[in-house]
Structure formats: C-alpha cells, structure tokens
Protein chains: 2
Amino acid sequence: MTEPLPGDLWPDIRPDAARRLMAAAVDAFAARGYHATTTRDIATAAGMSPAALYVHFPSKAAVLFAISRSGHERALAMVEAAFAGPGSPTERMGALVAEFVSWHATKHRIARIVQYELSALSAADYAVVASLRRKTEAVVRALIDEGVRAGVFRVADVRIAARAILSLAIDVARWYTPDFRPAPAELGKRYAELALTMLGAS
Amino acid sequence: MTEPLPGDLWPDIRPDAARRLMAAAVDAFAARGYHATTTRDIATAAGMSPAALYVHFPSKAAVLFAISRSGHERALAMVEAAFAGPGSPTERMGALVAEFVSWHATKHRIARIVQYELSALSAADYAVVASLRRKTEAVVRALIDEGVRAGVFRVADVRIAARAILSLAIDVARWYTPDFRPAPAELGKRYAELALTMLGAS
DNA sequence: TAACTTCCTAAGCGCTTGCTTAGCTCCCGT
DNA sequence: ACGGGAGCTAAGCAAGCGCTTAGGAAGTTA
C-alpha cells in the first residue's frame, strides 16, 4: 500500500516524526479522503499513539493544510520554471505539460489531496492555496497567449484552452495507479503531444 | 445554494419524499463530500426529521448508491446514444463530447458524486458502478478506433487518447460553477472542437 | 365505525470522533 | 550528579455520529 517515502520530500519538516506523520496522512487522505480518516489512523500508521499527532501539529486540519500547501507550492514552482525556461512557446508548453502530468502520476497521492480535498480546508487555509492556484492557472494562460501572439498556437478561447490543458493533467491524479503503463515520464510526453496538437501547434 | 430540481429527475423514485431526500443529499454530498455530510444534514435540508431518512432508505450509504448508480446509468446512456447516432466518426465524437461536457456542467453536483465519491461506496456497490464505468470508457475507445481505421483520426495511442477525452469532460465537474460563461451547451461545443483537434480530425 | 396502511417524529442508544491532561522516559548541558 | 526540555503514551472527556424504537396523525378500505 505505502511506497517508500523519498528522502527529499519535505526536507524542511523537522523532527523526523512530523514527516512520518505527514507521510502517513498523505496515504490515508488520498485513499479514503480527509473526513473518512481519523487521527488514530494517521498516528497508528506512523507507528505512534493517537496523542503523538498533537505534539507536532495543533489539529488534524493543520496536517491537511501542511500537505496541501507544500503540494501547491511545488506545482506552482514547476509551472513557473517551465514558463521561464529556454525555447519556443511550443517547446516550453511541451515541457510544462510533460512535467505537470508526470508529477500528477508519480505523486498521485499528494496530487489527489491538492486537487480534491479543497473543500475540507478552513476558509483561511483555502485562501492561501487558492492564491497559489490562481497563479498557476495564470502562468498557463500567459504561455498560451504568448504562443498565440507568436502565431504558433491556434485556439478559439485562451481561457478555455488553459482550463483544458490543466484538466488533462489534473485528472491524471484521479485515475492513475502505479501499475499503469507507460510509466509517468513517458505518459507525460504523450500527453504533451496531445496538448500541443490541441493547441494547433505546428 | 440549491437550484430548483428538474421534475424529470428520477421519475421512477417514489414517493415524492424519497426524491426530495435524494435531491438534498446531492447538494450536500457535492458541496462537502459524503463523509462530511450527516444524515441530519440531509433530512433537515429535505424538511424532515432525522429519522425520516430511514423510512425511505436502509442507510446513508444506500442514498449515495442510488445517486451514483442512476448518474452512471445516465452517463452511459448518453455515450451509447452518441455512438449509435448518425454521421461520420468525427460528427459522432463531436456530439459525444459536446453532450458529455454539457452534462458535467449542468449536472455538476451529480457528476461530482459520480466521479469523486467512488471510494465512499461499499465493495458491492462499487462493483456495480465500476462495470458501468468500464462500458462507458469502452464506447469512447471504440469510436476513436473506428475513426482511426477510417483514416479521419490520427492518434498515437487509442487507450491514452480515450483517457484524455474523458478527462477533459470529467474534470469540468470539478471546476464548473453556475456563473461560468459560456453556458453549458456552448461550453460543450468548444470542448468538442478542442477534442476533435486533439484527435487530429481533418 | 373500526381496522389497516403509509408516512412521519421524539427520544435516545451505543459507539466513535477530535482533542486534552497528567505523567513518564530519555538525552543533553553543566 | 542532576535539572530541564523534548518527545512520547495511557487514559479519558465532551460532542457528534449512524441508526433504532415506540408511537402518533392522516388517509383508505370494509
């Protein structure tokens, strides 16, 4: 059920027990959803007693927020890096979609929480991640805009095209399972081609 | 919050109170999720006491299943009708995507339960809707296959293309809100064009 | 009128939930 | 040697959960 946790995940979260709790929460939230997961589930999966969670987090909601926030920040950073990268709008959009899709597959547990547990966040917590989400979408729109102005993309409506591009990637988190072939990196490349075709790229 | 319930929804569900309970459950499940919704929420929103729910349904899970099952059946019927309709593969695929997207926008509350509350179903209930989901996906694959064989679609991988087409439509349920413009019918047409472009339709 | 059926409610039961409290153990600095 | 903080647990509390029980109001049939 649980895959080995990469050591580079949440390097800033200390102590180690807090990271283990977050990793256990990711598995549980992704599999059953935030509301169906109990604090006992999380603590037990991390090898601790139920009370241990409250040594490191003030509440169950704070665990969700920590996961959702860092996931949103990672997603935005990826998209911004692809936008700022070298190459034509076509090349940069291809790289953006390939990496975004690959992330939604590889980290589909985190991605599921990021994309599908927004309604479980408090109003204050939601405001923080909503701002990150708006920035992410704005970057995609800006890149399509650039391609349209350069004459390499042909789309009827930039706003809808951006939504469609993001939908393709985000929805991967919903259906992806680790046994799916091709593997995430190759899947990302195929989706990048589909996305560029959809944008009418030459 | 609640939009007027179309009279043609669940015409087979009797008595009227059972339909009102299902409608209230749709609003609550779609807004907050199955596990965050209490039986008291549903009954109160339907204008009844908490115990009234158990006059018409054996459990809260049965309400979810009734909603999910009828939603899946409706979705499959739509897709099958578009497949069996008149016209070229291009025309039929355009009609399929347009209608499927329009449904995911108009009925986004039901669609959200259909697409995002699968993990809340019992194993037995899930088996029923999973069968309907496989049939739906198979129809889309068959139509792409037909277009590829007829030489009007150009895709590298039929399985992945089918996933992408379905992703575009399904994800609409996640982000759509009633104030979004263009309205569902027009949104469906724009998405149909994007989908056909993605399939390399001439 | 009387018996029956349908649809609903008031009250509450047993259990689980998120979270708290009090106290223990181990390690580190001096 | 010993004080003190960090990290953890056993026990349990108040609140809310899904669901049950007993019974009542209203309409229908004989």
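Below, chain A is the first sequence line, B the second, and so on; all start at residue 1. This structure is a prediction, so every number in the text was calculated from the model and none was measured.
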*Residues two or more places apart in sequence or in another chain: which of them pass side-chain contact (heavy atoms from CB on, under 4.5 Å) with B:Leu199?*
B:Met93, B:Ile144, B:Phe153, B:Val155, B:Ala161, B:Ile165

*B:Leu64 has an atom CG; how far is it from atom P of D:dC19, in whole Å?*
12 Å

*What is the distance, rounded to the nearest whole Å, between atom CG of B:Asp41 and atom P of D:dG16?*
12 Å

_For residues 57-82 of chain A, which residue pairs pass the salt bridge (charged side-chain N to carboxylate O under 4.0 Å, His left out) check, not counting sequence neighbours?_
A:Arg69-A:Glu73

*Pull out every residue in residues 45-55 of chain B that has a heavy atom closer than 4.0 Å to any atom of DNA chain C, ordered by number, or say none.*
B:Met48, B:Ser49, B:Ala51, B:Ala52, B:Val55

*Which residue pairs satisfy the salt bridge (charged side-chain N to carboxylate O under 4.0 Å, His left out) criterion with at least one member in residues 90-99 of chain B, sequence neighbours excluded?*
B:Arg92-B:Glu146

*For A:Asp16 and D:dA6, give me the distance from atom CG to atom P, rounded to whole Å.*
18 Å

*Any salt bridge (charged side-chain N to carboxylate O under 4.0 Å, His left out) pairs touching residues 116-131 of chain B, not counting sequence neighbours?*
none

Let me check something: any side-chain donor-acceptor pairs from residues 41-53 of chain B under 3.5 Å, sequence neighbours excluded? List them with distances.
{"from": "B:Asp41", "atom 1": "OD1", "to": "B:Thr38", "atom 2": "OG1", "distance (Å)": "3.4"}
{"from": "B:Asp41", "atom 1": "OD2", "to": "B:Thr38", "atom 2": "N", "distance (Å)": "3.0"}
{"from": "B:Asp41", "atom 1": "OD2", "to": "B:Thr38", "atom 2": "OG1", "distance (Å)": "3.3"}
{"from": "B:Thr44", "atom 1": "OG1", "to": "B:Arg40", "atom 2": "O", "distance (Å)": "2.7"}

Got a list of protein N/O to nucleotides 25-29 of chain D N/O distances below 3.5 Å?
none

*Extract, from 5' to 3' on DNA chain C, the first and final nucleotides lying under 4.0 angstrom from some heavy atom of chain A.*
C:dT17 to C:dT20

*Give every residue pair that meets the ring-ring contact (aromatic ring centres under 6.0 Å, His included) criterion with at least one member in residues 32-52 of chain B, sequence neighbours excluded.*
B:Phe29-B:Tyr34

*Residues two or more places apart in sequence or in another chain: which of them pass side-chain contact (heavy atoms from CB on, under 4.5 Å) with B:Tyr126?*
B:Leu118, B:Leu121, B:Val129, B:Ala130

*For B:Phe100, enumerate each residue passing the ring-ring contact (aromatic ring centres under 6.0 Å, His included) test, keeping only those at least two apart in sequence or located in another chain.*
B:His104

*Below 4.0 angstrom, N of the basic side chain to O of the carboxylate: do B:Glu137 and B:Arg163 qualify?*
yes

*Who passes ring-ring contact (aromatic ring centres under 6.0 Å, His included) against B:Phe180, sequence neighbours left out?*
B:Trp175

